[in-house]
Amino acid sequence: MLGDSPIQSAKILLAQSQAQFLNHLMNLPFNVANHLDAALRNAAARLGLTERSFQPEVRVADPANGDFQANGALAFAKREKQNPRALAQQIVDQLGQLQGHFDISLAGPGFINFRLKPATLLGWLQTYDSEEHLQSGAASARDGQTWIVDYSSPNTAKQMHVGHLRSAVIGEAICRLLAFSGAKVIRDNHIGDWGTQFGKLIWAYKRHLDAAALVSEPLEEFERLYKLGSNAAEADPAVLAEAQQELVNLQSGDAENHVIWKKINDVSLAAFQQIYDQLGIKFDVMLGESFYNDKVERVYRELAECGLAQESQGALVVFHPEHPRFAKQPFIIRKKDGAANYASSDLATALHRTEHFKVDGAAYVVDFRQSDHLDQLFLTVEKWFGKTGRKLPQLEHVDFGTVLGENNKPLKTRDGANIRLKDLLDEARLRAFQLVSSKNPDSPETERRGIADIVGVASVQYADLSQNRSSDYVFAWDRMISLEGNTAAYLLYAVARIRSIFRKAELDPTQPPVAGATAPETPQEIALARKLVKFPNAVQLATSTLRPHFLGLYLYEVAGEYSTFYAADKVIVDDPAVRARRLLLCHRTLIMLETGLHLLGLRTDLERM
RNA sequence: GCGCCCGUAGCUCAACUGGAUAGAGUAUUCGGCUACGAACCGAAAGGUUGCAGGUUCGACCCCUGCCGGGCGCACCA
């Protein structure tokens with residue numbers, strides 16, 4: 001090899017044996033924070049603190065202070081009226097076996113700081129070498145659990161609009177995060193396929209259907225028909241009566257109406273699927289309201305029998321006397337005309353998910369405005385299942401805010417209509433195409449289109465996922481697609497540049513030649529390596545809180561550290577040990593960025609951009 | 001009226017659920033391409049965390065009261 005001297009060879013051998021030693025004897029597990037947590041608990045047990053419920057409180061630290069910190073001594077000392085700093089010192093004295101991997105120090109009133117040694121960083125990076133390996137090493141917090149995620153849930157016979165974006169995007173990320181932590185995930189599209197709108201729609205369908213439009217633009221045609229039927233019914237009571245009869249016929253099993261209804265749903269779902277394909281979504285089941293149609297009677301009966309439901313103003317309702325609002329605000333589970341509503345079908349749904357799918361948890365990815373409804377639903381299910389001896393699944397409302405325009409009002413078109421999701425994604429791809437073209441005027445158009453399709457859609461997804469789902473978010477094309485700051489494009493750019501290095505050096509990025517890599521040495525190498533080691537913590541935090549933005553923020557920081565490293569340290573250098581360790585950093589950055597982006601539901605399959 | 005959510009740099013957002021000097025991007029100013037992609041990197045500047053109290057070793061975070069905004073509250077989901 002170029003420039004190989006006996007000293008360098010010896011260095012490489014030494015590094016290799018060091019690495020093997022680390023791997024075989026004392027390499028750290030995937031989740032370093034968990035390892036520290038266990039070690040601290042052991043130390044506390046030896047000091048007799050465990051009986052007094054000592055908690056280590058291990059956190060990712062500010063890099064200036066270390067890699068991880070344990071704050072548990074502070075809370076414990078406060079409770080026990082001890083000197084926190086002295087207590088922390090006692091604990092540190094018990095941590096001798098960690099000193100091979102960490103520089104341990106005390107700071108402030110009693111923080112214990114852990115800084116990973118470069119050789120340990122190297123060993124960790126060498127061990128976790130592929131997306132599969134990251135998955136298998138991930139904290140298996142939900143191993144063996146079954147979760148159902150209820151998301152997207154549009155109404156059939158209507159376009160999906162911007163209001164459906166967040167549920168779809170956040171829901172898919174939640175699914176992937178749950179699956180990554182070991183859960184079996186059932187993706188359920190709880191579609192609205194059984195509303196009162198079908199009377200007017202079927203009335204118009206029978207009389208005014210444009211067969212050509214049904215093929216080319218089915219959802220537009222249904223919307224046209226619905227409007228037509230609705231207007232006609234308003235203008236003419238006779239039409240209204242006919243439309244109501246169509247609805248009655250449908251609900252009583254009339255064959256012709258059922259065929260039309262089925263046709264409308266099938267066509268709607270096929271159109272939805274074009275959106276889902278772009279967003280990387282594939283549902284396992286689509287159990288909409290119609291599915292639960294014949295399952296609500298049992299809900300009425302059971303809730304009445306166990307004394308939860310009562311008649312009020314002609315409706316069947318549930319009150320929660322212990323609750324400040326729901327003591328007076330009823331949960332209406334059957335309307336006074338005897339018909340079901342969404343409370344009825346949501347209760348039937350909860351029962352079905354428990355009985356049929358035997359779920360351990362259910363996540364409802366639904367607008368924050370439905371908090372009251374879901375609170376009432378969860379309270380009712382809890383009492384109902386308690387009285388009937390059923391196991392209660394963990395019920396989570398994964399709520400999110402509104403998508404706003406730049407005027408801080410809900411996002412609409414200029415004339416006040418809802419923005420169709422299809423148009424929004426088309427525009428994202430178009431804007432990305434214009435940008436890609438301006439940056440790469442010489443690449444072939446097909447390649448630019450391919451890049452733009454990935455970058456455009458990813459930008460929309462990531463804009464949503466990169467911020468706390470609880471708050472409203474302002475949709476601004478320029479910030480989203482201008483590709484600066486915490487955006488999908490910035491992350492994908494890092495991916496593309498890493499691939500570019502492997503391409504230039506004619507190396508296979510799946511088989512990087514990293515043998516003989518030495519421990520990270522330059523400040524930029526060390527900073528990057530230290531950031532990469534925290535991947536499991538970011539995933540764990542995002543998963544346990546069901547908040548994908550924690551992972552997004554982490555990936556952005558990884559990409560930032562990588563860019564700094566890239567600008568400072570050339571990868572393809574002559575010194576084989578330096579080159580190997582930088583290739584190692586590049587490759588591990590690549591797999592963590594890709595794994596993380598895949599967890600968020602984004603595509604990363606681009607070579608250039 | 002009752003209740004839920006929100007208020008952080010000019011703007012858009014973070015702050016690991018009570019931890020260290022509240023951090024990023026953007027806009028502004030300055031610097032960096034004959035080193036693997038400058039869609040990049042580095043630096044400066046920018047703050048009484050809506051206001052006023054309280055709790056404690058420690059508060060953007062918890063409690064109380066105000067101010068401002070959004071959203072729910074009897075049969076549309």
Side-chain angles (χ1 to χ4, degrees), chain A residues 57 59-62 64-65 69 71 74-75 77-78 84 107-111 113 153 155 192 194-197 289 312-317 323-326 328-337 339-343 345-346 367-373 375 399 401-402 404 406 408-410 435-436 438-440 455 466-468 470-474 476 478-479 482-487 489-490 492-494 496-498 500-505 534 537-538 540-542 544-545 547 549-550 552-554 556-557 560 563-573 582 586 608-609:
Chain A
E57 293 185 35
R59 314 275 163 85
V60 170
D62 184 323
N65 297 325
Q69 60 178 279
N71 299 347
L74 292 169
K78 178 181 184 175
F111 301 110
N113 289 330
S153 310
N155 292 326
W194 199 252
T196 48
Q197 74 271 24
E289 280 151 17
S312 172
Q313 300 179 24
L316 190 64
V317 309
H323 194 280
R325 263 168 306 148
F326 305 143
K328 294 256 169 66
Q329 185 179 319
F331 190 47
I332 298 170
I333 65 170
R334 189 182 62 205
K335 301 195 286 185
K336 66 181 169 195
D337 64 2
N341 64 359
Y342 75 140
S345 74
D346 279 352
D367 198 319
F368 76 101
R369 286 174 299 186
Q370 292 194 34
S371 300
D372 274 8
H373 169 72
D375 286 351
D399 66 341
T402 310
L404 304 176
E406 298 194 58
N408 276 335
K409 298 229 165 94
L435 190 67
V436 170
S438 74
K439 300 284 181 190
N440 310 281
V455 173
S466 63
Q467 75 177 253
N468 193 330
S470 293
S471 40
D472 294 346
Y473 94 90
V474 177
D478 288 342
R479 261 203 314 284
S482 82
L483 317 184
E484 281 163 345
N486 188 4
T487 62
Y490 181 77
L492 291 172
Y493 183 60
R497 288 210 292 188
I498 296 171
S500 172
I501 286 179
F502 282 95
R503 197 167 54 241
K504 276 275 162 56
K534 286 138 195 166
N537 306 96
Q540 190 176 51
L541 185 60
S544 64
T545 57
R547 292 184 187 275
H549 80 282
F550 286 121
L553 184 67
Y554 169 77
Y556 174 57
E557 288 168 354
S563 294
T564 303
F565 157 74
Y566 180 94
D569 295 331
K570 184 170 161 70
V571 176
I572 305 303
V573 293
R582 291 184 182 163
C586 287
R608 304 177 162 81
M609 64 180 279

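Treat the numbers as computed from the prediction; the structure is a model and nothing was measured. Every chain is numbered from 1 and lettered A, B, ... according to where its sequence line falls, protein lines coming before strand lines.
- If you check distances only, the side chain of Asp367(A) never reaches the base of rA77(B) with a donor-acceptor pair under 3.5 Å.
- Taking only side-chain atoms of Phe111(A), from C-beta outward, the nucleotide of rC73(B), rG19(B), rC75(B) with the closest atom is rG19(B).
- A close approach under 4.0 Å does occur between a side-chain nitrogen or oxygen of His549(A) and OP1 or OP2 of rA15(B).
- Applying the 90° cutoff around 0 to the glycosidic angle, rU49(B) is assigned anti.
- The side chain of Asn440(A) sits closest to rG37(B) out of rG19(B), rG37(B), rA77(B).
- Between the side chain of Lys78(A) and the base of rG58(B), a donor-acceptor pair under 3.5 Å is found.
- For Ser438(A) and rA39(B), a side-chain-to-base donor-acceptor distance below 3.5 Å is absent, hydrogens and geometry of angles not being considered.
- Taking for each of Ser371(A) and Asp569(A) the nucleotide of RNA chain B with the nearest heavy atom, the 5'-most of the two is the partner of Ser371(A).
- A donor-acceptor contact under 3.5 Å is not formed by the side chain of Tyr493(A) with the base of rA39(B).
- For Glu484(A), the listed nucleotide lying nearest its side chain is rC40(B); candidates were rC40(B), rG58(B), rA20(B).
- Residue Ser471(A) places at least one side-chain N or O closer than 4.0 Å to OP1 or OP2 of rA14(B).
- Taking 4.0 angstrom as the limit, Ser500(A) places a side-chain polar atom (N or O) nearer than this to OP1 or OP2 of rG37(B).
- In the set rG72(B), rA77(B), rC16(B), rG72(B) carries the atom at the smallest distance from any side-chain atom of Asp372(A).
- Using cut-offs of 30° and 60° for the angle between ring planes, the Phe331(A) and His373(A) rings count as tilted.
- Across rU17(B), rA77(B), rG42(B), the shortest atom-to-atom separation from the side chain of Arg59(A) is found for rU17(B).
- OP1 or OP2 of rC36(B) has not a single side-chain nitrogen or oxygen of Arg582(A) nearer than 4.0 Å.
- As judged by a 4.0 angstrom heavy-atom cut-off over every strand, Arg503(A) is placed among residues making no nucleic acid contact.
- Comparing Gly485(A) and Ser563(A) against RNA chain B, the residue whose closest nucleotide sits nearer the 5' end is Gly485(A).
- Across all strands, Asp399(A) comes closer than 4.0 Å to no nucleic acid atom at all (heavy-atom distances).
- Distances from the side chain of Tyr490(A) to the nucleotides rA74(B), rG37(B), rC41(B) place rC41(B) closest.
- The side chain of Arg369(A) places no N or O atom within less than 4.0 Å of a non-bridging phosphate oxygen (OP1 or OP2) of rC73(B).
- Using a 4.0 Å heavy-atom criterion, one finds that Leu492(A) contacts no nucleic acid atom at all.
- For Gln467(A), taking side-chain heavy atoms from C-beta onward, the closest of the listed nucleotides rC75(B), rC41(B), rC13(B) is rC13(B).
- The nucleotide whose nearest atom lies closest to any side-chain atom of Arg325(A) is, among rC4(B), rA20(B), rA14(B), rC4(B).
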